[in-house]
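What you see is a predicted model, and the numbers here were worked out from it, not measured in a lab.
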Amino acid sequence: MFNIFESLFSKVKTAFGYQQQFEEMVLAGNITGALAMMQNDLPKQLAAIKEYQLHKHDIMERPDKATYDENGNFTGWVKRWKLPLDYARYINEMAVVFIYGKPVQWLQNSNGTDKAYQAFTDFIKHTHFNARIRQAKRLAGAETKSALLFHCYQNKEGKADCLIKVLAASLGDTLYYIKDQYDRLVYFARGYQIRERGSRSVQCVDIYTDDFIYRCKAGGIGWEVVREVNYCGKKPVILFEQEVEWAGANELIARQEYIKSRTADVNDYMADPALVATADVVQGLPDKDTENKLYVLSEKGDLRYLTPDTASELKKQESEDNEKHIFRDTFTPNIDFDVMSKLTNVSAKALKQMMVLANIKADMRKEVHDEMLVRIANLTKAILAKVTCIELAAEVDRLLVEHQYQEPFGEDIAEAITNAIKVKNAGGISEETFVELNPLVRDKEREKKRIEKEQLAKDEKEAEMAKNSVFNYQ
């Protein structure tokens, strides 16, 4: 037992010493040494970007073919097609749609916190959160990593404000981080460049901790470091990490590109019509510019068009099989124009069943994104309570919000309303719950107030009618 506690104490002590050493380096201006202690996956991200951008695919390095005459003399080059296929972007976009295609719903789960909840939803709208999280998910799926940075600042009116910026390698950001043994983010840093005085670029690094933000700028000799207080008390960063969305299909995609490019080369060589004639006919061929062509054939002469052999069933079968595996292995539904044209009268429920692969993948991603959304809610509350809405701090602390994903293609509204009406008429739900479940109602709280107002007016009218009835009877 003693050895177990001694081992645990040793690990905690080692971790604390590591953190202390890191912070001492930052305060001493040794930013290069501090960054060396942090994890950085830039090579992996750049490799992913190469696979995502069409002009960087390996097929684009396919050389043209040199031609030689019968004596071995170089005569020129024959173009060889380089046709990259955008499977990666299609697969990635489908993944984004099935998790954040429709905005996340934030539900209030506490009483007496209406003002705080309104401030929370206003923050989501003001910072364009729904657009930013889609962008972050798209970049993470394409590059393996991205981040949401919540930047607090003083706006033009002199008030505390916040904006959300998306960070990624393709946007010019280098992401550094340190995690503890429980995979919790301890330190985060963003490397980037800014332009000063014309075309001069300056390297900058921002290091984020729970208590401070270190603004570091490379100088002529060392680093200039400015320490700022992190008023929200939490690292204002949400780190997105995953494998690329097309993981496992890389070789199949490369093979598809090669087959398509080779087929294009063969079509250039064989697809145009060609005449085949016996030797005794060749002498009688008309000039190519002759308007009315006359072919002079001998008794045994033969003249016909050469048609390419269409027996390429094996190639076609391989291409179709490759595509099937690309989509299946990446849990991506294969949707094309022909498929979509047949879905005009398909219900949302049936459509969901057809997209089962994408739903399975989205559910797998939600295992991680659920935790991230909880952190986003907690970070947003911290910013509201300590930076932008200090007057509501006590109420914000009591606020409980839960997130809820929405179906990317919506729900069958008619079926949802019919089911809700049946349950309500059977006494299973209240009028208030019915409003919350009604997909036609956008602003639930406003609709409840309207119903309450209408009910009060109805009650007053009925009371007035009853009063008049009694008076007339007398």
Side-chain angles (χ1 to χ4, degrees), residues 6-46 143-154 160 162-169 171-241 375 378-379 382-383 386-387:
E6 185 178 15
S7 175
L8 289 173
F9 179 75
S10 176
K11 288 182 179 180
V12 172
K13 187 176 179 181
T14 301
F16 179 76
Y18 187 86
Q19 295 177 25
Q20 187 177 26
Q21 182 184 0
F22 176 81
E23 293 185 9
E24 287 175 352
M25 279 189 172
V26 175
L27 290 172
N30 185 6
I31 306 304
T32 303
L35 293 179
M37 296 178 66
M38 306 184 80
Q39 186 171 342
N40 170 251
D41 302 315
L42 186 59
K44 184 179 178 181
Q45 294 169 53
L46 294 178
E143 305 177 22
T144 72
K145 277 186 176 58
S146 67
L148 288 178
L149 173 63
F150 290 67
H151 171 61
C152 297
Y153 66 103
Q154 189 178 56
C162 183
L163 63 81
I164 299 178
K165 178 175 175 57
V166 180
L167 309 180
L171 300 178
D173 304 298
T174 305
L175 309 182
Y176 303 88
Y177 57 93
I178 295 177
K179 293 184 177 182
D180 63 13
Q181 65 269 36
Y182 303 106
D183 206 33
R184 294 175 299 194
L185 189 65
V186 181
Y187 298 108
F188 179 86
R190 171 204 177 199
Y192 59 100
Q193 291 190 341
I194 59 173
R195 290 189 177 275
E196 289 187 350
R197 288 191 291 272
S199 59
R200 180 173 175 266
S201 294
V202 179
Q203 184 180 1
C204 297
V205 174
D206 295 338
I207 301 174
Y208 297 89
T209 72
D210 288 337
D211 301 316
F212 300 102
I213 300 173
Y214 299 90
R215 308 288 185 187
C216 314
K217 185 167 68 172
I221 300 176
W223 289 81
E224 300 174 8
V225 181
V226 177
R227 187 173 74 171
E228 301 176 359
V229 176
N230 182 10
Y231 290 102
C232 72
K234 293 180 180 290
K235 286 175 287 297
V237 174
I238 305 297
L239 182 62
F240 289 68
E241 299 178 279
R375 290 205 300 269
N378 292 335
L379 177 57
I383 293 172
K386 299 178 181 180
V387 181

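- Not counting sequence neighbours, the partners of Ala218 by the side chain to side chain contact (heavy atoms under 4.5 Å, CB included) test are Gln203, Trp223.
- For the side chain to side chain contact (heavy atoms under 4.5 Å, CB included) test, residues two or more places apart in sequence or in another chain that qualify with Asp210 are Lys235.
- Here the side chains of Phe22 and Ile207 are in contact, with some heavy-atom distance below 4.5 Å.
- Side-chain atoms of Glu143 come within 3.5 Å of backbone N or O of Ala169 as a donor-acceptor pair.
- When the ring-ring contact (aromatic ring centres under 6.0 Å, His included) test is applied to Phe188, no partner is found at least two apart in sequence or on another chain.
- Residues satisfying the side-chain hydrogen bond (donor to acceptor under 3.5 Å, both in side chains) criterion with Arg227, sequence neighbours excluded, are absent altogether.
- Rounding to the nearest 0.5 Å gives a distance of 6.0 Å between CD of Glu228 and CD1 of Ile213.
- When the side-chain hydrogen bond (donor to acceptor under 3.5 Å, both in side chains) test is applied to Asp206, the partners found at least two apart in sequence or on another chain are Tyr192, Arg215.
- For the atom pair CG of Asn40 and CG of Leu175, the computed distance is 8.0 Å after rounding to the nearest 0.5 Å.
- Of all the heavy atoms in Leu167 and Asp173, the pair that sits closest is CA-OD2, 3.3 Å.
- For Phe240, the ring-ring contact (aromatic ring centres under 6.0 Å, His included) partners are His369, not counting sequence neighbours.
- Residues forming a salt bridge (charged side-chain N to carboxylate O under 4.0 Å, His left out) with Lys217 (at least two apart in sequence, or on another chain): Glu196.
- Closest approach of Cys162 to Ile383, counting heavy atoms only: SG-CD1, 4.1 Å.
- Leu148 is listed as a side-chain neighbour of Val166, based on a closest heavy-atom distance under 4.5 Å.
- Here the CZ-CD1 distance, from Arg184 to Ile178, works out to 14.5 Å after rounding to the nearest 0.5 Å.
- In this structure Leu46 satisfies the side chain to side chain contact (heavy atoms under 4.5 Å, CB included) test together with Leu42, Ile49, sequence neighbours excluded.
- In this structure, Gln39 CD and Lys179 NZ are separated by 7.5 Å, a value rounded to the nearest 0.5 Å.
- For Tyr214, there are no side-chain hydrogen bond (donor to acceptor under 3.5 Å, both in side chains) partners at least two apart in sequence or on another chain.
- At distances below 3.5 Å, not a single donor-acceptor pair connects side-chain atoms of Asn30 with backbone N or O atoms of Ala34.
- The nearest pair of heavy atoms linking Pro236 to Asn230 is CD-ND2, 3.9 Å.
- When all heavy atoms are compared, the tightest approach of Val225 to Gly29 is CG2-CA, 4.0 Å.
- Expressed to the nearest 0.5 Å, how far OH of Tyr208 lies from CZ of Arg190 amounts to 6.5 Å.
- Shortest non-hydrogen contact noted between Leu379 and Cys232 is CD1-SG, 4.2 Å.
- In this structure, CZ in Phe150 is found 4.0 Å from CD1 in Ile164, a value given to the nearest 0.5 Å.
- Here salt bridge (charged side-chain N to carboxylate O under 4.0 Å, His left out) pairs that include residues 24-45, with residues two or more places apart or in two chains, are Asp41-Lys145.
- Applying the side-chain hydrogen bond (donor to acceptor under 3.5 Å, both in side chains) criterion to Ser201, with sequence neighbours excluded, gives no partner residue.
- Judged as a side chain to side chain contact (heavy atoms under 4.5 Å, CB included), and not counting sequence neighbours, Gln154 has no contacts.
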